[in-house]
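Just so it is clear, the values below take in all heavy atoms, side chains as well, and ignore hydrogens, waters and symmetry mates. Every chain is numbered from 1 and lettered A, B, ... according to where its sequence line falls, protein lines coming before strand lines.
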Amino acid sequence: MNPFLVVDGAGLDKMVSYLTRVATSAQPAFGLDTETDIQENFLEQRLRTIQVGAKEEQYVIDLLAFAETPENLKGLQGFRKTSKCFEPVVNAIRPFLDSNSVLKIGHGLQFEYEMLSWNLGLYTWHLWCTLVVERVRWAGLQPFKRKGFWGMEHLVERYLKVRMSEESERLQKSFDLCTPLTDEQVLYASIDTRLPMGVYHGQKLVCTSDRLLETAQIENDYIPANGDMHINGFKLDRDAWMKLVDEQTTRHTEHVRVMDTFFLPIVGKKNMPAENLLELEQKWRALSDRGEEEMSYHVMAKQYGQTPQEKKEWRLKRDALEDKRLLLKKQAGEEYKAASKYATWFKKEGDKMEGEACIVYASPAQLVAALQKMPGLEKIEDTNDKTLSKLRSEFPVLVAVENYRSTGKAVSSFGENILEFINPITGRLHSRHDQLGAVTGRMACQKPNLMQIPVDPRYRECFVAERLRKMATLDYDGCEVRIMTEASGDPVWTEALNNNWDIHSVVAEKMRTSDWVKATLEACAFVARHAKCDCPEHKHIRSESKSINFGLAYGLTAKGLADQLNITEERAQALLNLWHASNPVLSAALTLWGDLAKATCEARDLAGRRRLFRKPSWEWCKEIVTANNKKYKDSRNYGKPASEGQIKWKMKSMMESIAREGCNHKIQGTNASATKLSMGCGFDESGKPFFWHYSRPDKEQAFLCNLVHDEAVFESPDEKITEAYEVAKDCMIRALSRYVKKVPVTVDGHVDTHWVK
DNA sequence: ATCGGCCCACCC
DNA sequence: AAACGGGTGGGCCGAT
């Protein structure tokens, strides 16, 4: 190691000359890392050091030296500004960070990106994040939540066969804004620039041989966009939201009242616990002592100077009284115990009873038990959406349950709890968009999850643009259908999409030609121009075909289709057969993708993104079955060892899962890859940049707020919104067009003052 | 008290 | 005995 602590202009010069040498070398790349203080609110975290370096040299910039005081170090960072005192540092390093001339390598670089952009107004791109690449490499095999696998130290051990010191965690948390750096800290900070370089070389070899370089590039290029989105946040109109929540709360109490009218006769009123609990206890305890009369016999029985005969008499009298007292005591004890048991039960359970009836409506178990006591509903098994809607027309109580559920969900998941996430510094929501939250390459989102906000416009309208700004919402039109068509090359689908025909109607007509012809009414839009029409029967047939078109990409079975369309399994199977017969090419492709996944234990999307599957083995299946047999008390195999038949069945079902998941990965993964590509800092084949180059916050042209799988939401200044909208649209089209070439790619969108869709 | 499994509901 | 892909969140409930 050769760490150099940079504290002045001369140090910066030395660093710049080193970075220049790196930039002009054969493999221009260096390790990048930062240290910050620890804060609850990430927008309050401040940079203490910036490190760059590789094997031969490492530079640790101590920003305290440039800020001069801890107060400045704290106060002169943040809000994407470059304060005067940091200009020498920023000017020195910017040409290397804010360019694609040198690759920046580090572990968890989204954090570095965020800290550098928020605290210094310094934008870093052209990255290689060892964490992101590692996730790409192991997708499907290693759970993202697994401990002991994704840390820098674990990668170093895997790739470099080096164990990092146990001290590193302590050291990482040791940085603050005021204490002079110790030699130990400087050394630790510089190691973190060097080790990722080594990991990078290993990862590059693996990615090359496993053909994962393209996915790695897409993910690495997406990091700055994801970092921006985190810092930009999403503005929630607090007042509008609260108004909506109040409304839903009122409706909910009304729904609870209606529930009571149905359930009170069944389960009765909830009774308050006995108020005389203390009294009961005292009564019970008091009976432990002998009463006056009993005591006197007792004393007499023990006195001297009495004949044995007399003593026996007193004893008998005492015993009789004692027996009587103990019986009373036992009764009082039971009464007290029951009352206190009820009281504790009620303390816990009663709170959960929302209405007057003695039942917790939010408990599916209690609800289903109560429903079973109602005439006609004896055989109801669960209370989920599907079951309720099937029986709704016959049983008004089920409508009440549905209403209760919908407002209950609204209040609990989309209520005041969301407001707690508003950041005091910006007044906005800064959710965590986890770049690789799903094994297929899709993102996940937390705190709060902005990907599950109800589509109901009343909710979406609460997400607004700042004053003097507008909001754009863009999404791919029929993304999955186009990917399926491209990947399979189905001529019918290709023709339909190329002519902008309604694919679900086209398939419907192919599947049930004679029914379709018979159902044609006057002025049918399908007959006129292959568009979605209003003929009632056409609509019905189309909806069936649509269910299958989407469902098959998920590995739909007859049973599933029957449930979804509420038809018999035979009819569902017949429909599926019809579908396969009418879509031979796509049908064959779907099976092929599944078979390929089963045979190779991996699946690829159109960008080469890989999902791995653990190979089902006899031993593994046996383990699972054995564990299940131990677990499920109601199973008829409870407690028994795993039978051969069970294990075989498990093997079969696991293989079927791989087929479904592998098949779906191709579609879902391509969707994710294209969306990330479109928002990232990469360039297309002709050198045209993707959206980050337009939306980088220092340009103040567009601010990415949310990304929901195939939909992008951003804000722009009023005068920029039209341009930004067009640029984003173009980026999205170019991105998906890289993978979808046989059919056109289209993007829908809106510009408004709030989130639309 | 706390945790994990399960059900249910919301999204694409 | 049991499968329609990928997620998060909230509540209940039994086990620890």
Side-chain angles (χ1 to χ4, degrees), chain A residues 139-140 144 348-349 351-352 354 360-368 381-388 401-402 404-415 417-418 431-434 436-456 459-460 475-476 479-480 547-548 550-564 572 590 593-594 597 603 611 625 628-629 631-638 643 645-646 649-650 652-669 671-672 675 706-711 757:
Chain A
F144 293 158
K348 192 159 68 75
E349 208 67 7
D351 281 355
K352 295 186 283 186
E354 292 171 80
V360 179
Y361 293 136
S363 160
Q366 293 186 33
L367 198 60
V368 78
E381 280 176 3
D382 55 55
T383 63
N384 65 32
D385 216 14
K386 196 128 290 159
T387 314
L388 297 185
V401 173
E402 285 181 325
Y404 161 82
R405 284 264 174 82
S406 76
T407 48
K409 173 73 177 173
V411 171
S412 67
S413 285
F414 306 109
N417 54 334
I418 302 278
S431 298
R432 263 200 47 181
H433 290 261
D434 186 348
L436 283 165
V439 282
T440 52
R442 286 230 285 222
M443 301 206 295
C445 182
Q446 287 163 293
K447 300 164 104 177
N449 183 351
L450 292 175
M451 296 180 178
Q452 57 167 193
I453 302 296
V455 200
D456 184 335
Y459 284 95
R460 300 283 168 116
D475 71 311
Y476 284 116
C479 191
E480 278 162 336
S547 293
I548 304 178
F550 282 119
L552 280 172
Y554 302 153
L556 184 71
T557 57
K559 173 94 172 67
L561 185 63
D563 281 352
Q564 189 183 326
L590 291 167
W593 300 338
R611 174 177 179 180
V625 172
N628 284 345
N629 284 357
K631 200 161 58 177
Y632 296 114
K633 291 201 171 71
D634 54 338
S635 153
R636 72 163 193 232
N637 291 305
Y638 179 60
S643 75
Q646 273 189 304
W649 201 278
K650 187 75 205 172
K652 187 170 161 255
S653 82
M654 284 182 92
M655 293 309 279
E656 285 167 350
S657 291
I658 293 177
R660 285 194 305 273
E661 290 160 5
C663 181
N664 179 251
H665 173 82
K666 189 176 284 289
I667 298 158
Q668 199 179 111
N671 185 345
T675 306
N706 198 10
L707 208 51
V708 192
H709 309 309
D710 60 0
E711 170 191 354
K757 173 106 194 264

(request) Rounded off to whole Å, could you give me the CD1-to-P distance for the A:Ile453 and B:dC10 pair? (result) 13 Å
(message) Expressed as a whole number of angstroms, how long is the span from A:Tyr361:OH to B:dC8:P?
(response) 18 Å
(message) Going by side chain to side chain contact (heavy atoms under 4.5 Å, CB included), A:Cys445 matches just one of A:Asp434, A:Leu450, A:Leu707. Which one?
(response) A:Leu450
(request) Would you mind reporting whether A:Thr675 and A:Arg442 have side-chain heavy atoms less than 4.5 Å apart? (result) no
(request) With heavy atoms under 4.0 Å as the rule, sort A:Asp385 into base, sugar-phosphate or nothing. (result) sugar-phosphate
(request) Any chance you could list the contact pattern along nucleotides 4-11 of chain C? Use B for base contacts, S for sugar-phosphate-only contacts and - for none, protein heavy atoms under 4.0 Å, 5' to 3'. (result) BBBBBBSS
(request) Please indicate whether A:Lys447 has more than 12 foreign heavy atoms, meaning atoms of other residues, nucleotides or ligands, lying under 6.0 Å from its NZ. (result) no
(message) Measure CD/A:Glu711 against C1'/B:dC10 and give the value in whole Å, please.
(response) 14 Å
(request) Figure out the CG/P separation between A:Leu450 and B:dC10, and round it to whole Å. (result) 17 Å
(request) Round to a whole Å and report the spacing from CZ of A:Phe414 to P of B:dA9. (result) 13 Å
(request) Before accepting this row, confirm whether a basic side-chain N of the pair A:Asp475/A:Lys757 lies closer than 4.0 Å to the acidic partner's carboxylate O. (result) yes
(message) What's the gap between B:dC6 and C:dA3 when it is taken at their P atoms, as a whole Å value?
(response) 16 Å
(request) Find the distance A:Asp351:CG to C:dC13:P and express it as a whole number of Å. (result) 13 Å
(message) With heavy-atom distances below 4.5 Å as the criterion, would you say the side chains of A:Arg660 and A:Glu656 are in contact?
(response) yes
(message) Taking any heavy-atom pair under 4.0 Å as a contact, classify A:Asn671: base, sugar-phosphate, or nothing.
(response) nothing
(message) What's the gap between C:dC4 and B:dC12 when it is taken at their P atoms, as a whole Å value?
(response) 22 Å
(message) Could you report the tightest heavy-atom contact between A:Ala444 and A:Gly437, atom names first, then the distance?
(response) CB-CA, 3.7 Å
